[in-house]
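All remarks here apply to the structure that follows.
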Number of protein chains: 2
Amino acid sequence: MLSKKTKYGLKALTFIARRIDNKPVPIATIAKSENISRKFLESILLTLRKSGFLGSKKGKGGGYYLLKEPKEINMSSVMRILEGPIALVSCVSLNFYEKCEDCPDEKTCAVYNLMIEVRDSTLNIFNNKSLSDLI
Amino acid sequence: MLSKKTKYGLKALTFIARRIDNKPVPIATIAKSENISRKFLESILLTLRKSGFLGSKKGKGGGYYLLKEPKEINMSSVMRILEGPIALVSCVSLNFYEKCEDCPDEKTCAVYNLMIEVRDSTLNIFNNKSLSDLI
DNA sequence: TACTTAATCTATCGGATTAATAGATTAATT
DNA sequence: AATTAATCTATTAATCCGATAGATTAAGTA
């Protein structure tokens with residue numbers, strides 16, 4: 001299941017992307033319009049800024065704005081920043097690989113191949129979707 | 001990410017399915033062979049029994065055995081019992097549907113359609129996989 | 001019958017993670 | 001100077017996960 005962080009993050013990104021002028025959008029505006037706890041959203045937007053998706057401007061007329069074209073913002077990268085691994089088990093993760101403690105050998109693991117398949121099909125969707133597709 | 005419960009459950013099911021004679025397998029045997037906490041596995045097998053996948057026999061020579069052919073044990077149903085919803089958000093879940101509190105309208109939700117797509121592709125895999133494919 | 005094996009049931013617990021909150025600070029605009 | 005709005009640091013509340021403990025019930029075996 002998707003965390004609220006990810007869900008809110010995606011909603012906020014699309015909200016910001018919908019502004020054609022790309023003028024800064026204040027946190028409060030997004031929070032109110034999308035029914036998100038203002039403070040929680042604050043921390044989410046901060047991570048999106050630190051990851052290079054968003055820029056920010058303080059003071060009056062400030063807020064968050066996109067640093068790239070919506071078309072250039074890939075869903076895989078957003079999901080990885082907000083949610084973490086796309087794979088269902090870390091031993092099949094491309095970007096967050098980790099060996100399973102309990103599993104002596106991945107090649108003989110029954111779960112492994114199934115999860116590879118799921119990962120690939122999900123990745124296939126996220127890789128071919130950008131923020132512009134969510135608008 | 002998959003819970004350990006699900007991962008262990010899948011491993012245990014394949015372990016049991018590998019016994020061609022389908023004689024009861026004691027919890028302890030599975031736990032030792034698959035490096036799973038015995039007590040934790042106990043509760044997992046209990047839910048698999050209550051869901052109709054496994055039968056059990058007490059006493060000497062007892063243990064858990066499959067109630068159906070591995071070919072008849074569908075991955076979607078196993079996943080739903082062990083992990084819960086296959087969908088990433090409950091508002092796109094077929095079996096565990098729940099309305100999002102924050103979302104006023106699913107039709108205008110940007111996340112919705114993306115998650116529908118992910119659900120369908122994952123479901124497509126699980127629906128066409130059975131326990132026999134894991135062995 | 002007594003003993004052993006093994007599942008069953010109830011309950012609890014620590015730790016990690018998630019979601020949310022609070023308050024003080026910094027920066028920009030008017 | 002006043003206002004607006006992001007930033008930073010810390011804390012809290014709630015939930016969930018993985019694991020554990022102990023007593024009980026059932027079945028086979030000597």
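Below, chain A is the first sequence line, B the second, and so on; all start at residue 1.
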Looking at [N], I'd like to know if its phosphate oxygens (OP1 or OP2) sit under 4.0 Å from a side-chain N or O belonging to [X].
X: A:Arg38; N: D:dA6; value: yes
X: B:Lys39; N: C:dC13; value: no
X: A:Lys57; N: C:dT29; value: yes
X: B:Ser37; N: D:dT20; value: yes
X: B:Ser43; N: D:dA19; value: no

Report the distance from atom CD of A:Glu42 to atom P of D:dA10, rounded to the nearest whole Å.
15 Å
Roughly how many Å is it from CE in A:Met1 to C1' in C:dA19, rounded to a whole number?
17 Å
Judged by each residue's nearest nucleotide on DNA chain C, which is more toward the 5′ side, A:Gly61 or A:Tyr8?
A:Tyr8
So which one's nearest nucleotide on DNA chain C is more toward 5', A:Leu2 or A:Lys60?
A:Leu2
Selection from [options] that lies nearest to any side-chain heavy atom of [X]:
X: B:Phe40; options: C:dA20, C:dA7, D:dA19; value: D:dA19
X: A:Pro26; options: C:dC9, D:dA6, D:dG18; value: D:dA6
X: B:Lys58; options: D:dA26, C:dC9, D:dA6; value: D:dA26

What parts of residues 82-95 of chain B reach DNA chain C, counting only heavy atoms under 4.0 Å away?
none
SB check A:Lys4 B:Asp102 (cutoff 4.0 Å)
no
Could you walk me through whether B:Lys129 and A:Glu117 pass salt bridge (Lys or Arg N to Asp or Glu O under 4.0 Å), step by step?
CA-CA 11 Å; B:Lys129 280 263 185 305; A:Glu117 218 171 310; 3.3 Å; yes
I would like to know whether A:Ser3 and A:Thr6 meet side chain to side chain donor-acceptor pair (under 3.5 Å); could you show each step before the answer?
CA-CA 5 Å; A:Ser3 66; A:Thr6 305; 3.1 Å; yes
Just by modelled atom types, is the A:Asp105 backbone N or O under 3.5 Å from a matching donor or acceptor in the A:Thr108 side chain?
yes
Which residues pass the side chain to side chain contact (heavy atoms under 4.5 Å, CB included) test with A:Asn127, not counting sequence neighbours?
A:Asn74, A:Ser76, A:Leu123
